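Report on the structure given below.
This one's a predicted model, so the numbers in the text were calculated from it and none came from an experiment.
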Amino acid sequence: MALLVQKFGGTSVADPDRIREVADWVRRRRKAGDEIVLVVSAMGKETDELLRLADAVSGTRPGREMDMLITAGERKAAALVCMALHDVGVEADSFTGSQAGFITDTNHMNAKILEIRPERVKESLAAGRTPVIGGSQGVSTERDVTFLGRGGSDTTAVAIAHAVGADACELYTDVSGVFTTDPRVVDNARKMNHISFEELLEMTATGCPKPAMRSVEFARTYGVKLHIRSAFTWEQGTWVSEEDPAMENAIISAVTHDTSEAKITVADLPDEPGIAAKLFRDLADHDVNVDMIVQNVSENGATDISFTSPHEGFDAAVSVTEACAVTMGSGTVTSDNDIARVSVIGAGMKSNPGVAATMFETLAKAGINIDMISTSAIRVSCVVREAEAERAVQELHQAFELHKPV
Ligand code: ADP
Ligand code: ASP
Ligand code: MG
């Protein structure tokens, strides 16, 4: 018998049949003796629809009202899941984020959890019932409803798992686990039975959409065991835990790609102290997210700086950079929207040289030009043309033989 948190994503509860299937799965697990806390996302694409609706109605979209609107999607799903549970004989209680004790800061649309007071959830469990929590929401220190941001239900699940001391947190989705690469891009991508937090964090930081990166960070910090698995086949998925130091690591575990960023280059900057500091301070002060940064070797006292930044908010990033160039009295700003970042990730890279060489050779053989390069201890990333990203992923997956079981 175990105490489990089970989180169901939008596709897992997309329609009445799916909701009944989820309820039946919970019934079977309860019958087998497990205690369960459920966390649900909004049904299907409802969050996107609510965002569109807000856009259609309002030009100002006040944060407080946006959060009230969006979190309604998860509350609706929680109530429906509870009804389906009652129908199959499982006593269940739905809870909003606030009722479940999620206290957050006041940062609407992207609130951070400050504290969890899970008394009502614990009482429900103690009474032999199944609590069902609306994901991605809480109540702020100003007593307003808050939304934890896109993908926030994963964070709700991990946080409640920690707060109630669950044995594991199961994140159910439309694929059977974490794959060696996006299974939509490579046919023979392989489901991994196990992955380390370190590797999964690098994957989620470089384009793997699930689970939400924040939830993986939270799980690692608090030692919550994660199991990413399918709500369609119910088979065993991918377990995430600390790396086992006794284990031989695969040199490369996964290939990711990310098309969510664009590139800005500032050419002809004076090569002197304070220039990069000024540019990136201005960007930070305007809340511009910056990812890869590359500075060229200077020629005749002038240098170029390129960096990537999300498409969302990219126009602001360009204007801040242009304004900065004007105040510095130098630098020509250009931008490039059609880029993608392709990354290879693997903990075994630490002790095996040659990964970067193999990656660059593979891309060269495929005639794919590399625009920027960056590395971490367990990752090598290349910026390439967006149109070539999927082919790059396919070539790299093949070159590192990721389809073969380790
Ligand atoms: P949802 O619609 O459930 O909110 P997304 O569609 O954003 O979530 O993310 C789930 C999808 O992520 C999967 O259907 C899968 O195609 C894709 N994906 C990309 N890379 C990977 C990977 N390495 N492992 C598993 N799934 C991946
Ligand atoms: N439904 C929200 C989203 O799609 C939050 C979540 O369920 O994670 O981003
Ligand atoms: Mg999906």
Side-chain angles (χ1 to χ4, degrees), residues 1-9 29 33-41 97 100-105 111-122 124-126 130-131 133 135-138 148-149 151-173 177-178 191-206 208-230 236-250 253-254 345-348 350 376-379:
M1 185 183 130
L3 170 57
L4 301 171
V5 170
Q6 299 188 333
K7 178 255 167 177
F8 290 92
R29 296 289 289 262
D34 292 330
E35 282 186 285
I36 292 166
V37 178
L38 284 174
V39 174
V40 290
S41 286
F102 282 80
I103 317 294
T104 74
D105 64 15
K112 301 266 173 304
I113 301 168
L114 298 176
E115 191 192 339
I116 305 166
R117 300 180 193 150
E119 281 72 31
R120 294 196 67 183
V121 174
K122 285 183 174 167
S124 173
L125 282 172
T130 298
I133 304 170
S136 202
Q137 55 186 274
L148 304 186
S153 295
D154 289 346
T155 309
T156 300
V158 173
I160 198 72
H162 170 61
V164 301
D167 296 296
C169 178
E170 301 183 329
L171 303 176
Y172 287 86
T173 177
V178 180
K191 183 186 85 187
M192 293 180 266
N193 294 323
H194 175 262
I195 187 169
S196 66
F197 278 118
E198 192 186 21
E199 289 170 315
L200 186 57
L201 275 173
E202 290 278 359
M203 286 181 74
T204 56
T206 56
C208 181
K210 285 288 142 82
M213 182 159 75
R214 243 168 99 190
S215 72
V216 182
E217 280 166 349
F218 196 109
R220 183 182 201 180
T221 304
Y222 293 100
V224 175
K225 262 195 227 161
L226 285 184
H227 186 186
I228 294 131
R229 54 187 303 185
S230 165
Q236 282 285 312
T238 304
W239 283 92
V240 191
S241 60
E242 284 304 333
E243 194 183 318
D244 179 353
M247 232 162 59
E248 285 283 329
N249 289 302
S253 300
I345 293 150
K350 288 179 197 161
S376 81
I378 65 161
R379 173 182 53 77

Contact summary for V164 and P118, nearest pair of heavy atoms: CG1-CB, 4.3 Å
Residue among K7, K225, R229 satisfying salt bridge (charged side-chain N to carboxylate O under 4.0 Å, His left out) with E170: R229
Least distance between heavy atoms, R220 atom then L201 atom: NH1-CD1, 3.8 Å
Residues in side-chain hydrogen bond (donor to acceptor under 3.5 Å, both in side chains) contact with E119, at least two apart in sequence or another chain: none
Any residue meeting salt bridge (Lys or Arg N to Asp or Glu O under 4.0 Å) with E217, in chain and number order, not counting sequence neighbours: none
Side chain proximity check, L3 to L125, heavy atoms < 4.5 angstrom: yes
Gap separating the CD1 atom of I133 from the CG atom of L38, nearest 0.5 angstrom: 8.5 Å
Heavy-atom check, side chain of L226 versus side chain of C169, under 4.5 Å: yes
Distance in Å, H227 NE2 paired with T238 OG1, rounded so as to fall on 0.5 Å steps: 7.0 Å
Short side-chain to backbone donor-acceptor contact, Q137 and G97, under 3.5 Å: yes
Point-to-point distance, once rounded to the nearest 0.5 Å, from OG of S196 to CD1 of I378: 6.0 Å
F8 CZ to S41 OG distance, which is reported to the nearest 0.5 Å: 11.0 Å
Residues which pass side-chain hydrogen bond (donor to acceptor under 3.5 Å, both in side chains) with T130, listed by chain and number, not counting sequence neighbours: R30
Heavy-atom closest contact (A254 atom, M192 atom, distance): CB-CE, 4.3 Å
Side chains of P211 and L200 in contact at under 4.5 Å (non-hydrogen atoms): yes
Atom pair CD1 (I113) and CG (L148), whose distance is rounded to the nearest 0.5 Å: 5.0 Å
Salt bridge (Lys or Arg N to Asp or Glu O under 4.0 Å) evaluation trace for R379 with E199: CA-CA 9 Å; R379 173 182 53 77; E199 289 170 315; over 6 Å; no
Shortest non-hydrogen contact between A159 and F102, atoms and distance: CB-CE2, 3.9 Å
Minimum side-chain heavy-atom gap E198-E242 below 4.5 Å: no
Side-chain (D167) to main-chain (L4) donor-acceptor, under 3.5 angstrom: no
Non-hydrogen side-chain atoms of L171 and K210 separated by less than 4.5 Å: no
Between CD1 on residue I116 and OG1 on residue T104, distance to nearest 0.5 Å: 11.5 Å
Donor-acceptor pair, side chain of D105 and main chain of A111, under 3.5 angstrom: no
Side chain to side chain contact (heavy atoms under 4.5 Å, CB included) between M203 and I195, intermediate numbers included: CA-CA 11 Å; M203 286 181 74; I195 187 169; 3.5 Å; yes
N/O donor-acceptor pair under 3.5 Å between D154 side chain and A212 backbone: yes
N/O donor-acceptor pair under 3.5 Å between S124 side chain and R120 backbone: no
Residue pair Y172 / S230: nearest heavy atoms and the distance that separates them: CD2-O, 3.6 Å
Whether T156 side chain and S136 backbone form a donor-acceptor pair below 3.5 Å: yes
